[in-house]
There are 2 protein chains.
Amino acid sequence: MGYTVNQVAQLAGVTLRTLRYYDKIGLLTPHTRTEAGYRIYSPADVEKLQQILFFRELDFPLARINEILNNPLFDRRDALKMQAEHLEKRAARYRKLSQLARETLRNLEGGNKMDKKDMFEGFDYDQMLEEQKQYEDEVKERWGNTEAYKESMSKTARYTKEDWERINEVQMQNLKDLCGLYNAKVPHDDPRVQEVVDRSRKFISDNFYECPPEALGCLGQMYVTDERFTAYYDKFAPGLASYYNDAIQYYCTKK
Amino acid sequence: MGYTVNQVAQLAGVTLRTLRYYDKIGLLTPHTRTEAGYRIYSPADVEKLQQILFFRELDFPLARINEILNNPLFDRRDALKMQAEHLEKRAARYRKLSQLARETLRNLEGGNKMDKKDMFEGFDYDQMLEEQKQYEDEVKERWGNTEAYKESMSKTARYTKEDWERINEVQMQNLKDLCGLYNAKVPHDDPRVQEVVDRSRKFISDNFYECPPEALGCLGQMYVTDERFTAYYDKFAPGLASYYNDAIQYYCTKK
DNA sequence: ATAAACCATTACCTTAGGTCAAGGTCAAGC
DNA sequence: GCTTGACCTTGACCTAAGGTAATGGTTTAT
């Protein structure tokens with residue numbers, strides 16, 4: 001069970017084409033397919049779609065939305081809060097434009113010329129881009145390394161569904177390996193653990209941004225200081241985040 | 001003396017590319033060019049740009065905006081009134097979406113599942129298309145013949161700047177001819193006048209929609225009953241509208 | 001069993017511009 | 001008079017987010 005494309009489309013008020021397109025670009029991949037290849041969406045997929053639509057409503061490009069939703073730092077509550085705020089701003093913008101239309105009308109009927117500059121007060125499209133920038137800033141602040149973030153953005157923007165699948169698979173494999181070693185109580189300086197760390201670093205370098213050991217060190221720190229990352233890793237095994245960080249820091253000292 | 005493309009762009013907050021594009025598609029042709037070919041916009045052009053931006057803000061396709069602004073029925077006051085109204089509706093829509101985001105957040109934090117249908121209440125994009133439809137309806141009502149209107153739409157949508165220039169030129173020529181005959185007190189059933197009417201009918205058929213004599217008859221009636229059309233024709237010579245209609249009605253009886 | 005409704009993929013098309021590239025024009029300073 | 005930099009031109013190519021077919025498989029209701 002779950003929803004068919006048509007059901008989701010009806011529910012959310014989007015077209016079938018849209019859903020297929022989102023699948024194709026890997027933005028919203030239905031969680032299963034029937035034997036015949038029919039798409040089946042889970043409730044979680046539907047919730048994700050809502051998130052997508054909120055971002056879309058704020059004119060985020062789909063590639064950026066994909067980026068955001070694929071980031072482990074993503075937090076739905078944060079996003080909803082920010083979205084509510086910006087949607088409110090957008091409402092204000094339209095109210096202002098409505099006012100402008102009315103004012104123009106008044107001036108027209110009164111026969112007095114309007115200052116040409118005032119005639120476009122409120123149209124300024126820049127305001128809209130600001131929304132994206134603000135969100136980006138918030139994320140950047142957490143990631144710290146602006147350069148790396150940019151590079152990551154430009155690389156990941158053109159990833160296809162297959163790319164994301166591949167990336168996810170590799171990351172999951174690494175995580176599983178790490179998790180296995182952790183559960184087996186292998187110490188963090190063991191070569192097998194260090195090998196996983198090295199693989200991770202290379203993987204990040206290849207797929208996201210140039211990642212020298214120091215950068216990995218920063219990341220590792222974040223795994224224990226940022227509760228979202230901690231939660232993400234500890235979901236697999238309690239204490240995994242800190243174990244991973246220990247391994248990373250050791251890796252860094254050995255360069 | 002007029003604005004350069006850069007000045008207009010700054011004023012209105014649009015890009016240079018946008019202005020050039022609008023020129024190319026004949027949506028906003030600057031009223032002069034310098035000898036070197038530089039675009040010079042008049043104050044009237046700037047006002048037209050404001051109109052364009054209001055329509056654009058409501059997601060009217062540019063082709064439709066062109067259609068609307070090229071229609072003699074177009075009235076800036078009417079348009080502004082309608083725009084203010086719909087912009088207000090848009091503001092309301094965003095407020096609703098903001099509410100939805102907040103509600104979703106509350107439910108998320110409260111831990112209670114939200115009805116999937118409610119999760120998309122307010123996104124419905126259909127509402128937006130309604131705006132266009134409403135405007136279209138108003139125009140349709142005046143034009144009466146839905147079939148003809150549709151055909152006209154589909155034909156004129158792909159007209160380029162050159163097409164519009166050609167059309168305008170021919171129409172102006174016809175109008176001048178008619179005006180000359182009217183001023184020379186040539187009666188409306190004179191073959192020379194009837195020839196102009198026939199040319200007009202053929203021209204409409206060729207460039208807008210299939211226009212048999214009866215359809216032309218309707219048009220002629222509108223020229224005297226709709227004050228905007230009357231005003232448009234009487235601008236060239238007082239009484240021209242009714243003279244034109246007389247000529248058309250005579251043409252229709254003779255088939 | 002067969003029609004109607006639903007699903008799949010592939011392929012081509014559209015809108016409203018963004019982004020170069022290559023070159024003409026104009027006012028300012030030397 | 002010459003150059004430099006800011007501003008203008010056209011042209012060509014590119015993109016995002018789907019729309020619209022065309023063609024064919026699947027499910028369900030009668």
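Given the structure is predicted, the values throughout are model-derived calculations rather than measurements.
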Would you kindly give the [atom1]-to-[atom2] distance between [X] and [N], to the nearest whole Å?
X	N	atom1	atom2	value
B/L27	C/dA16	CG	P	9 Å
A/R17	C/dA11	CZ	C1'	10 Å
B/D23	D/dG11	CG	C1'	15 Å
A/L28	D/dG18	CG	P	12 Å
B/L62	C/dA16	CG	P	4 Å
A/L16	D/dA17	CG	C1'	16 Å
B/K24	C/dT15	NZ	P	13 Å
B/I25	C/dG17	CD1	C1'	10 Å

If you compare every side-chain N and O of [X] against the phosphate oxygens of [N] (OP1, OP2), does one of them come in below 4.0 Å?
X	N	result
B/T4	D/dC8	yes
A/R39	C/dA8	yes
B/Y21	C/dG18	no
B/R64	C/dT15	no
A/T15	D/dG19	yes

Exercise. Kindly indicate whether the side chain of A/L80, heavy atoms from C-beta on, has any atom under 4.5 Å from the side chain of A/Q51.
Key: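 Touching, per the 4.5 Å side-chain cut-off.
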Quiz prompt | Side chain of B/Y38 (C-beta onward), nearest among D/dA17, D/dG18, D/dC8 | solution =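 Nucleotide nearest to B/Y38's side chain: D/dC8.
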Quiz item: Quick one: which of C/dC7, D/dT10, D/dC7 gets closest to the side chain of B/N6?
Solution: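 Given the options C/dC7, D/dT10, D/dC7, the side chain of B/N6 is closest to D/dC7.
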Quiz item: In terms of side-chain heavy atoms, does A/T104 have a donor or acceptor partner in A/N107 at a distance below 3.5 Å?
Solution: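 The answer is no; no qualifying pair exists.
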Practice problem: Verify whether one side chain among A/Q83 and A/E57 offers a donor that lies under 3.5 Å from an acceptor in the other. | Solution: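 There is no such pair (donor and acceptor under 3.5 Å, judged by atom type) between the side chains of A/Q83 and A/E57.
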Self-check item: Donor-acceptor pair, side chain of B/N174 and main chain of B/R199, under 3.5 angstrom
Solution: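 Not at all, since once roles are kept as given, no pair shorter than 3.5 Å links the two residues.
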Quiz prompt | A/T18 vs B/A36, nearer the 5' end of DNA chain D by closest nucleotide | solution =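 Looking at DNA chain D, the more 5' nearest nucleotide goes with B/A36.
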Exercise. Evaluate the criterion side-chain contact (heavy atoms from CB on, under 4.5 Å) for residue pair B/R93 and B/K96; output intermediate values, then yes/no.
Key: CA-CA 5 Å; B/R93 174 166 182 275; B/K96 244 181 84 185; 5.7 Å; no
Quiz item: Between the base of C/dG17 and the side chain of B/Y22, is there any donor-acceptor pair under 3.5 Å?
Solution: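 Checked by distance alone, the answer is no.
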